Trainee: 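Below is the structure I would like to discuss, written out as structure tokens.
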2 protein chains.
Amino acid sequence: MPTSRSYRDACGIARALDVVGERWALLVIRELLLGPQRFSDLRLALPNASSNVLADRLRELEGNGVLHRRKLSPPAASSVYELTESGRELEPIVLALGEWGVRVALPTTPTTLSATSVLLFLRASARPDPEGATSVCRFELNDRAWTVRTEAGQVHVQAGEPLEPDVSLRTDPETLNALLEDPGKLDVVVSDGSVTVAGDCSALRRLLATVEDRASAR
Amino acid sequence: MPTSRSYRDACGIARALDVVGERWALLVIRELLLGPQRFSDLRLALPNASSNVLADRLRELEGNGVLHRRKLSPPAASSVYELTESGRELEPIVLALGEWGVRVALPTTPTTLSATSVLLFLRASARPDPEGATSVCRFELNDRAWTVRTEAGQVHVQAGEPLEPDVSLRTDPETLNALLEDPGKLDVVVSDGSVTVAGDCSALRRLLATVEDRASAR
DNA sequence: CCGCATCCGTTTCGATACTG
DNA sequence: CAGTATCGAAACGGATGCGG
């Protein structure tokens, strides 16, 4: 059963926390920032959240208009969760919280790292040449495909297969994150098999080369 | 005893929530945004938080370097909690969360409203004339004094007595909030005794007149 | 297999009482 | 005033079940 406690405080901050302040809520929202996800995708991305809590949070967030459950078109019988307009308005706040979080102490315990987390970081810190050519990279992380498009000085990331990728890269979030910190490792991780690259490798190198602020993993 | 659970997720967002994601943590930070507060001030501002949880949060936030316990100078035997540099960096995030929160559904249950909440809203939405004269208002809310200084198009708010107030206003947070929504009520609330004004009333009227975005209480 | 629901031990929270 | 102690209620975390 969903949580129904409230701070009973008229302040907007408290009202926001009534909606997105329960455990895991903002991480669910993080996972949806790059596009709709199924229940099982969320479970994979947030393996430390138990399924009942995840189901509770999704119900509550849907009830509060932050996200929305949508049936996929007939072929697929499943449904996905996607942010509403209201939910998308949390994006700058969640990203700012992340920037603050990377500055506080690193955790000592072993951690997970979701594909979305790394891709959000990539999108936020890559600064492609505004004059540079458009390029399309396909990222396959944990058996799910993502489209990373570089154009006009911006990086666009979305879930799903690209139509005409210049290059395809298959790895896991941790390795990709290591690559963002140090693109020089590309040859090493390719040769040890933790990354597979197919296509125009130079497009990938160009993208990696534009990532700023290398100090911080997220 | 303080909580010690973690999301065990390397993402900066999750790491931030490990620090400020526990219940009441961000509201404690809200209360400290305008300056140091004693334990009893925080209790008064967050009456729905029980004292043991408040003590736990303060210990955890201090341990994580978000705030700091400081002994007051000799005359006063008590101590105060104040944000560290790291804690102050949360200010734009917390305020943005508040702006989001006022746009989501209003609560149905009766609520509290702290002085800090209303003063943060005042500071954020007042747009005094950049060419206008400096004025100093003294606000007394729940028997605590605040200094609200208007100068160079900005409003500065801090806890404590002003040196030379142009005007002094005594009321409660709810009534002040109502005044921010509709300054026209000033005469009414003064005559019914819920607000007491002393000094140059026009300085107060000028301040109230510059509050934008009247739709939203916080 | 997916999308949860149920069960159950543990942790946290909330309310109140109590102490230096 | 500034917390601590106690205790029942709620939420969480982990495992397992189950219908579609």
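Worth knowing before you read on, the calculation uses all heavy atoms, side chains too, and leaves out hydrogens, waters and symmetry mates. On a predicted model such as this, the values are computed, not experimentally measured, just so you know.
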Trainee: For residues 111-125 of chain A, which residue pairs pass the salt bridge (Lys or Arg N to Asp or Glu O under 4.0 Å) check, not counting sequence neighbours?
Mentor: A:Glu91-A:Arg123
Trainee: Under 4.0 Å between any heavy atoms, over every strand shown, what does A:Asn48 touch: base, sugar-phosphate, or nothing? Just pick one.
Mentor: sugar-phosphate
Trainee: Scan for salt bridge (Lys or Arg N to Asp or Glu O under 4.0 Å) pairs involving residues 168-179 of chain A, sequence neighbours excluded, and state none if there are none.
Mentor: A:Glu140-A:Arg170
Trainee: Can you list every pair that meets ring pair (Phe, Tyr, Trp, His ring centres under 6.0 Å) and has a residue in residues 33-82 of chain B, with sequence neighbours left out?
Mentor: none
Trainee: Provide the start and end nucleotides, 5' to 3', of the part of DNA chain C that has atoms under 4.0 Å from heavy atoms of chain A.
Mentor: C:dG3 to C:dA15
Trainee: Could you state the CD-P distance from B:Gln37 to D:dC1, rounded to the nearest angstrom?
Mentor: 14 Å
Trainee: Mind checking what makes side chain to side chain contact (heavy atoms under 4.5 Å, CB included) contact with A:Ala96, not counting sequence neighbours?
Mentor: B:Ile93
Trainee: Between protein and nucleotides 15-20 of chain D, map the contacts as a letter string: B base, S sugar-phosphate only, - none, heavy atoms under 4.0 Å, written 5' to 3'.
Mentor: B-----
Trainee: For A:Pro47 and A:Arg5, find the nucleotide of DNA chain D closest to each by heavy atoms; which residue's nucleotide sits nearer the 5' end?
Mentor: A:Arg5
Trainee: For B:Arg23, check salt bridge (charged side-chain N to carboxylate O under 4.0 Å, His left out) against everything at least two apart and list the hits.
Mentor: A:Glu22
Trainee: Can a donor-acceptor pair be found between the side chains of A:Thr116 and A:Glu31 at a distance below 3.5 Å?
Mentor: yes
Trainee: Can you check the B:Leu72 CG to D:dA2 C1' distance for me, whole Å?
Mentor: 13 Å
Trainee: Calculate the interatomic distance between B:Asp18 atom CG and D:dC12 atom P; express it in whole Å.
Mentor: 15 Å
Trainee: For B:Asp56 and D:dG3, what is the distance between atoms CG and P respectively, to the nearest whole Å?
Mentor: 12 Å
Trainee: For A:Arg38, give me all partners under salt bridge (charged side-chain N to carboxylate O under 4.0 Å, His left out), at least two apart in sequence or on another chain.
Mentor: A:Asp41
Trainee: Of A:Phe39 and A:Ser6, whose closest DNA chain C nucleotide lies nearer the 5' terminus?
Mentor: A:Phe39
Trainee: Rounded to whole Å, how long is the line connecting atom CG of B:Leu54 with atom P of D:dA5?
Mentor: 16 Å
Trainee: At a heavy-atom distance below 4.0 Å, what parts of residues 20-32 of chain A sit against DNA chain D?
Mentor: A:Glu22, A:Arg23, A:Trp24
Trainee: Mind checking what makes ring pair (Phe, Tyr, Trp, His ring centres under 6.0 Å) contact with B:Trp24, not counting sequence neighbours?
Mentor: A:Tyr7
Trainee: According to salt bridge (Lys or Arg N to Asp or Glu O under 4.0 Å), does anything in residues 42-57 of chain A pair up with another residue at least two apart or in another chain? List the pairs.
Mentor: A:Asp56-A:Arg59, A:Arg57-A:Glu60
Trainee: Taking salt bridge (charged side-chain N to carboxylate O under 4.0 Å, His left out) as the definition, give me every residue that meets it alongside B:Glu85, ordered by chain and number, with sequence neighbours left out.
Mentor: B:Arg88
Trainee: Is it true that A:Asp9 and B:Arg30 have a side-chain N and a carboxylate O under 4.0 angstrom from each other?
Mentor: yes
Trainee: On DNA chain C, compare the nucleotides closest to A:Arg8 and B:Ser4; which residue's is nearer the 5' end?
Mentor: B:Ser4
